[in-house]
Amino acid sequence: MKKPAVLNEFKEFITRGNVLDMAVGIIIGGAFTAIVNSLVNDIINPFINTIFGGFSFDTMNIQVKFPWVTLMREFGNYVEYPTFRFGDFLSAIISFLITAVALFFLIKGINAIRKLAEKKKAEDPAPTTKMCPYCRTEIDIEATRCPHCTSQLQ
Ligand SMILES: [Zn+2]
């Protein structure tokens, strides 16, 4: 029985290297986001709390009694006054900045390692000769027969 074309297509898609790289990236990214959020909510926020006494991002809410909402309520429409949680918004911005800085240093580090590897590669290029195991003379790396002792080489 012939496999349906879409199955082959899917197999091709999933076995392509960058799909797996992407999946790993997404999973690591999700885990990293949890770490950054925890850093902001569990470490930085309580620390700010000790400095500014009682202040925390969670309490930075403001409920605005818009006059039109009051009017609607007076006419018997129960409408909630909006609460602007700008503390949470600030938390999100701080999380983003931490993530961006961490990514910057990660990429900087990876680039430095890559540059080092390239430099090393440039310094000692791939060998072009090899040693004949029979007569110990230097011969071309591609040679299958030694020009000096005429031995057959693997
Ligand atoms: Zn030889």
Side-chain angles (χ1 to χ4, degrees), residues 1-64 66 80-154:
M1 203 177 94
K2 201 167 170 269
K3 266 190 202 166
V6 68
L7 218 83
N8 280 331
E9 219 171 289
F10 180 72
K11 200 179 148 197
E12 203 174 285
F13 166 75
I14 212 81
T15 51
R16 223 180 285 158
N18 52 6
V19 174
L20 288 175
D21 287 350
M22 206 171 71
V24 169
I26 288 167
I27 291 164
I28 300 266
F32 186 68
T33 303
I35 291 172
V36 171
N37 284 340
S38 177
L39 177 67
V40 172
N41 293 324
D42 305 328
I43 310 288
I44 293 176
N45 245 345
F47 186 71
I48 290 173
N49 216 341
T50 63
I51 295 171
F52 295 102
F55 167 85
S56 101
F57 285 135
D58 305 330
T59 59
M60 278 177 74
N61 300 330
I62 188 159
Q63 196 177 46
V64 184
F66 285 121
E80 207 61 81
Y81 286 113
T83 305
F84 298 102
R85 283 175 281 275
F86 56 91
D88 289 350
F89 184 61
L90 272 178
S91 283
I93 290 173
I94 290 172
S95 293
F96 170 75
L97 288 177
I98 291 171
T99 306
V101 168
L103 275 180
F104 171 74
F105 282 107
L106 182 75
I107 292 168
K108 201 171 145 78
I110 289 171
N111 281 344
I113 291 168
R114 197 176 284 167
K115 223 176 238 171
L116 214 76
E118 268 169 23
K119 205 177 159 197
K120 208 177 164 199
K121 212 174 172 186
E123 272 168 9
D124 54 319
T128 55
T129 58
K130 63 181 174 186
M131 196 79 91
C132 171
Y134 304 104
C135 66
R136 312 295 297 163
T137 52
E138 214 170 39
I139 56 172
D140 193 276
I141 195 136
E142 302 276 340
T144 54
R145 187 181 284 276
C146 178
H148 303 285
C149 66
T150 69
S151 302
Q152 193 76 45
L153 305 167
Q154 257 77 49

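One-based numbering, in listed order, for ligands and for the atoms of each. Below, all heavy atoms of this structure are taken into account, side chains as well, without hydrogens, waters or symmetry copies. In what follows, residues are counted from 1 in the order of the sequence shown.
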Between Cys135 atom SG and Cys146 atom SG, the angle centred on the Zn ion (ligand 1) rounds (to 10°) to 110°
Given SG of Cys132 on one side and SG of Cys149 on the other, what angle do they make at the Zn ion (ligand 1), to 10°? 110°
Verify whether one side chain among Asn61 and Thr83 offers a donor that lies under 3.5 Å from an acceptor in the other. no
Between Lys119 and Arg114, is there a donor-acceptor pair closer than 3.5 Å when you use the side chain of the first and the backbone of the second? no
Could you check whether atom CZ of Phe89 has more than 12 heavy atoms from other residues, nucleotides or ligands sitting under 6.0 Å from it? no
Counting only N and O atoms by type, is there a donor-acceptor contact under 3.5 Å from the side chain of Ser38 to the main-chain atoms of Ala34? no
With a cut-off of 2.8 Å, does His148 place any N/O/S atom under that distance from the Zn ion (ligand 1)? no
